[in-house]
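Order of the sequence lines sets the chain letters (A, B, ...), proteins ahead of strands, with each chain counted from 1. FYI, side chains are in, hydrogens and waters are out, and symmetry mates aren't considered; it's all heavy atoms of this structure.
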Amino acid sequence: MNALEIFFNPDIAARAFPILLRGLGMTLLLGVTAIVFGTLLGLAIALVRLFAPLPFRLLAAGYTDVMRALPVLVVLILIYYALPFAGIVFSSFTAAAVALSLVLGAYSAEVMRAGIQSVPHGQFEAASSLGLGFVRSMQKVVLPQAIRLVIPPQASNCVSIIKDTSLASVVAMSDLLKQATDAQALFANPTPLMVAALIYLAILWPLVRLTGWLEHHLQRAYQR
Amino acid sequence: MNALEIFFNPDIAARAFPILLRGLGMTLLLGVTAIVFGTLLGLAIALVRLFAPLPFRLLAAGYTDVMRALPVLVVLILIYYALPFAGIVFSSFTAAAVALSLVLGAYSAEVMRAGIQSVPHGQFEAASSLGLGFVRSMQKVVLPQAIRLVIPPQASNCVSIIKDTSLASVVAMSDLLKQATDAQALFANPTPLMVAALIYLAILWPLVRLTGWLEHHLQRAYQR
Amino acid sequence: ADPLKVAAYPANPPWENKTESGAFEGFEVDIVNEIAKRMGTTADIEGMDFKALFVASAAGRVDMVISSLTITDERLQSQSFTQPYFEGALGVGVKEDSGITSLEGLKGKVIGTVATSFPEKYLAEHKDQIGFAENKSYDTTANMLTDLQNGRIDAVVNDVVGLRYAFGQMKGLKVGAEIVTGEKFAIMMPKGSDKLQKANDIISEMKKDGTLPKMYEKWMGVAPAPGSFAVTPMPVPTSAN
Amino acid sequence: MEAAVDIRNLDKWFGKLHVLKGINLGVASGERIVVCGPSGSGKSTLIRCINGLEEYQAGSIDVDGMRVQKKSKTITAIRSEVGMVFQHFNLFPHLTVLENCTLAPVYVRGLKPKEAEDLAMHFLAKVKIPEQARKYPGQLSGGQQQRVAIARSLCMRPRIMLFDEPTSALDPEMIKEVLDTMIALATEGMTMLCVTHEMGFARKVADRIVFMDHGEIVEQAPPAEFFTSPASARARQFLDQLLRH
Amino acid sequence: MEAAVDIRNLDKWFGKLHVLKGINLGVASGERIVVCGPSGSGKSTLIRCINGLEEYQAGSIDVDGMRVQKKSKTITAIRSEVGMVFQHFNLFPHLTVLENCTLAPVYVRGLKPKEAEDLAMHFLAKVKIPEQARKYPGQLSGGQQQRVAIARSLCMRPRIMLFDEPTSALDPEMIKEVLDTMIALATEGMTMLCVTHEMGFARKVADRIVFMDHGEIVEQAPPAEFFTSPASARARQFLDQLLRH
Ligand SMILES: Nc1ncnc2c1ncn2[C@@H]1O[C@H](COP(=O)(O)OP(=O)(O)OP(=O)(O)O)[C@@H](O)[C@H]1O
Ligand SMILES: Nc1ncnc2c1ncn2[C@@H]1O[C@H](COP(=O)(O)OP(=O)(O)OP(=O)(O)O)[C@@H](O)[C@H]1O
Ligand SMILES: [Mg+2]
Ligand SMILES: [Mg+2]
């Protein structure tokens, strides 16, 4: 049996493929959930960090620091294994979604804070002078300008989080990686793992390239 | 029993601490190994990508892309579970060290390439004009100038890799996280996990802050 | 009544095992299903990693845990157990050509066990006596057996019934030796659970009316010996002995 | 004559720096005031206090009889009464000229988009750039941008306009077009409070010139008087320096 | 007289751009040549070919009898015979002035550090800045930096020096100090090939002026002849433009 037949056995690949697809579905669902909630959380934290009273600002700063200092897997395991002792019991999916959202929230907050801070102060003043309130000024004047600077680094954060969905396999969630390792054990052959790696590549490589492209083309000061 | 007694039970903390310290030792050893080999690998890849003949340049570019697109856990599991089918059997530690080095190598290569490219071309030309060969020019003229720009992003890469050492727990390496989860199951109490999280924080928070500081103070063009 | 929440390690045949369709089957699965039925409800079984089972029970996240769990004094400090229904023994799983046929053969070898399992504790207690080189602990049986095949470890120690069953599927592995430990397998429940007494009573009934011995025969392939745990009703245990 | 702005004993500190010291200033409805004085004398701070962009620590400011207080409910009402034009225009770069002008009328005044657009076109015509309505600020010259900024303020139909050195960031060729716009406004009877060093403009339209130095109002006088015979030595010195450039 | 540099039928392309067209030029040992010509005429490319910083596609260049070929073994030997001074100095910013000067002598010539330092101090004294030896390039003025660059080249004891507009990145006050250094070098008999538009310098030291345009040598003549009666219309036009500035 040559290497190709072991590592890319077409027969096993065909049998494993539907199993892997189910895992891919979970992976994508988890990724999208984490990105949506993580981004919203990040925006909230960024706003608190910039505009809330001092104690809240410090809390938000501490939160982002802690989340960026802890390994994602540790956060996930704390949520999955430790929280139940406090009576909070999440399913694997929920636990993973919460963990990834919390982490992405911290990274997003940093990115958004920088984006909002880069909007010149005169823009706030002009909006206030016209009688626009804080929320409207944010919504119509500041955030639309910040977003161009935020998109490239946030895209790169999202790529990281999609990669981190693979950690959910550790808390027994049937994501792409978990399905692949299970299938590898079932067929006693590494083909499912190799196929899973290719699926990850097929999704993430374009995203990595896109991130680089965005950095080149969008991350400049606003100008027309 | 109140929350503090459950989550920070001093008795259990005391009994778990020596177990965790053993895990911390493994974590640090793994981190240092990966940083040393990953950084060297990154330098080699960066040099290939900048100065080798075209086919090698493309290979190096493909390598960095693939490694940045694959989740670290997938790389680790491929090395640990798939390679044995090709007769290559690594211990948990070796597998984790290889996986983390390969990944850090890719990220380091990007950083170092940017650093070397930022050294003005005139510096190479001046060195050549004086008769210095390629290796000497690199060693004495280009790299010493590139290093200032490389240190901050590389520090941040190293922080990521230290966080990723926690993944080694998945391939049965007795690192800090694995010791903590085992102890948590043993004592049926989350204290060991909480203590482990604090240990991670104690190591990584200062590093995260240091990274930010380095970015502020070092990442400027060379000047005196 | 609410369904009975049961946690199980999903890859531990013949005790419990997740089939392709996602349903659970196995000796202990039959037992908890019958208990649930006699309580007037159904069992809702969730698969978890081995370590997570203890957390789930300790945190009151589930009502029962099945996974060929041994009653130990340590576990009794933070958990409760029903009466035992099986006398377990440990098996030493090795490669067919390894030549290891006894516990003594493990001297200087690298051994694998499942993290926080009874065999892990057993080996830790008998380390000096056996003289093995290292004990690697795994999160899943599958990973452990894969590493045995890969040669990363020389032997594994686990419940002998499970090992025999697994080696029926995997090529090149066998049980090299059996260690009689007199360990008692039972259902684990949260400490002081209000369902504990009821569950224990039902198990007594099942032993008396022959339901449990029949299940035993179905999954183990032989009828239980007279006087064994599978046919003898007992009270809720308060210690391992 | 009703007081459009009434400032009494106003004190303001930036930390330990006392930047406004017991300022008293009344602006009648329809009055046109030019504020001048050396750099750092507190001119910007004074007019920024009037529409609540800066907080003050003592004294009081009333606009149309409403007390200016930063965290109060009336601040929005005051701000829609008071238009402000900045040195650096502060147009919204991501919105077209038209959108710049309709934003506040729609979201603060609650106008329908169509009404707001008609209003905006009206004022853009007034500042003589209706044809630029669909462009983005970055595509206009500085003078055009400043005129858009004036139109944007006017769309809120303010009763008082504040200007903070509206021409000092402009190239010389463009200063005139902005000053002409401001003169037209003055001619229509708008109440104006204008920080500027354009003395030609001051002479032509100001009812009163307020000279500040070191956070105090040193002198107030009609332009004819102020330019020919300033009472204080400090004003004389200031005018000398201004003319020498 | 032995030829220090011998260029024959040299052709060079950048992609499809033909930048050097059949150049023939011999430089005798001890000769001082100034190359001038309009921007883009190929002056820099020509002298960069001489020490192998650029490859050429046809013809030949011999330096001290050694054929210049980029990938050949002799290139290091040639480069230590030929010193080069750049428009933008290209000093190593992370090394002190002294270290800039000793780097190549130690690693290419194999001198002991002490010997290299003595040599460096000798040449730093020659360019009149021995007191700056311990400073970093960033702490020096442009003129001082260029003099360090000359000293750094001299430390390799080259037989030929190439200069590519050594003064055109300098402020006017500093041009003289660099030209003086070059004149001193010329006086000592160094073979020099110098791209410059400093016509005063050319008049004073050049044995020959080479005028290039569009990749060709249009005219060669002693300075007296070249400045007073240039043969070609193109050289006349070039000189006219130069004088008008
Ligand atoms: N946000 C601030 N924080 C601290 N000090 C400030 C702030 N804004 C202004 N100042 C100080 O307050 C004083 C008055 O400033 P202000 O801008 O009002 O002067 P100005 O008369 O408008 O000067 P210019 O003609 O230069 O615009 C100055 O000393 C200035 O440095
Ligand atoms: N690396 C390069 N790649 C492509 N074209 C080049 C390169 N270097 C120079 N050229 C082109 O070759 C021609 C000659 O350039 P060169 O720098 O030799 O001119 P020059 O006479 O030194 O001009 P200047 O007085 O501006 O320095 C120009 O048209 C230039 O654009
Ligand atoms: Mg001002
Ligand atoms: Mg040139």
Heavy-atom distance under 4.5 Å to chain B: side chain of [X], backbone, both or neither?
X	result
A:Ser169	side chain
A:Thr165	neither
A:Leu167	both
A:Val208	side chain
A:Ile77	both

Could you walk me through whether B:Leu70 and A:Leu201 satisfy the side-chain contact (heavy atoms from CB on, under 4.5 Å) test, starting with their C-alpha distance in whole Å, then the side-chain angles of each, then the deciding distance to 0.1 Å, before giving a yes or no?
CA-CA 6 Å; B:Leu70 280 182; A:Leu201 264 188; 4.0 Å; yes
**OP:** Before giving the answer on side-chain contact (heavy atoms from CB on, under 4.5 Å), spell out for B:Leu47 and B:Met112 the whole-Å C-alpha distance, their side-chain angles and the decisive distance to 0.1 Å.
**Re:** CA-CA 9 Å; B:Leu47 290 176; B:Met112 292 185 188; over 6 Å; no
Would you say B:Gln179 and B:Asp182 are linked by a side-chain donor-acceptor pair, where the criterion is simply a distance under 3.5 Å?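 There is no such pair (donor and acceptor under 3.5 Å, judged by atom type) between the side chains of B:Asp182 and B:Gln179.
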**OP:** Pick whichever of A:Pro190, A:Pro206, A:Ala196 has the most heavy-atom pairs under 4.5 Å with chain B.
**Re:**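 Among the listed options, the one with the most contacts to chain B is A:Pro190.
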Return the option, out of A:Val75, A:Thr191, A:Leu177, with the maximum number of heavy-atom pairs under 4.5 Å with chain B.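 Winner by heavy-atom pair count: A:Leu177.
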Is it true that, when you exclude A:Tyr63 itself, more than 12 heavy atoms of the residues, nucleotides or ligands shown sit nearer than 6.0 Å to its OH?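 Correct, the count exceeds 12.
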Quick one: does B:Thr64's side chain have a donor or acceptor within less than 3.5 Å of a partner on B:Ala60's backbone?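 Checked: pair present.
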Quiz item: For chain A, which of B:Thr181, B:Val74, B:Val159, B:Leu83 has the most heavy-atom pairs under 4.5 Å?
Solution: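 Winner by heavy-atom pair count: B:Val74.
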Problem set entry | Leading residue by heavy atom contact count with chain A [cutoff under 4.5 Å; candidates B:Val170, B:Leu78, B:Leu176] |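 Greatest number of close heavy-atom pairs with chain A: B:Leu78.
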In sequence, state the C-alpha distance, the side-chain angles, and the governing distance for A:Leu41 and A:Leu104, and then conclude on side-chain contact (heavy atoms from CB on, under 4.5 Å).
-> CA-CA 8 Å; A:Leu41 179 65; A:Leu104 180 60; over 6 Å; no
* To do: Decide yes or no on side-chain contact (heavy atoms from CB on, under 4.5 Å) for B:Phe85 and A:Gln184, but give the supporting numbers first.
  => CA-CA 11 Å; B:Phe85 288 94; A:Gln184 139 143 342; 3.8 Å; yes
Next on the checklist: Less than 4.5 Å to any heavy atom of chain A: does that hold for the side chain of B:Ser166, its backbone, both, or neither?
Outcome noted: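 Its backbone and side chain both get close to chain A.
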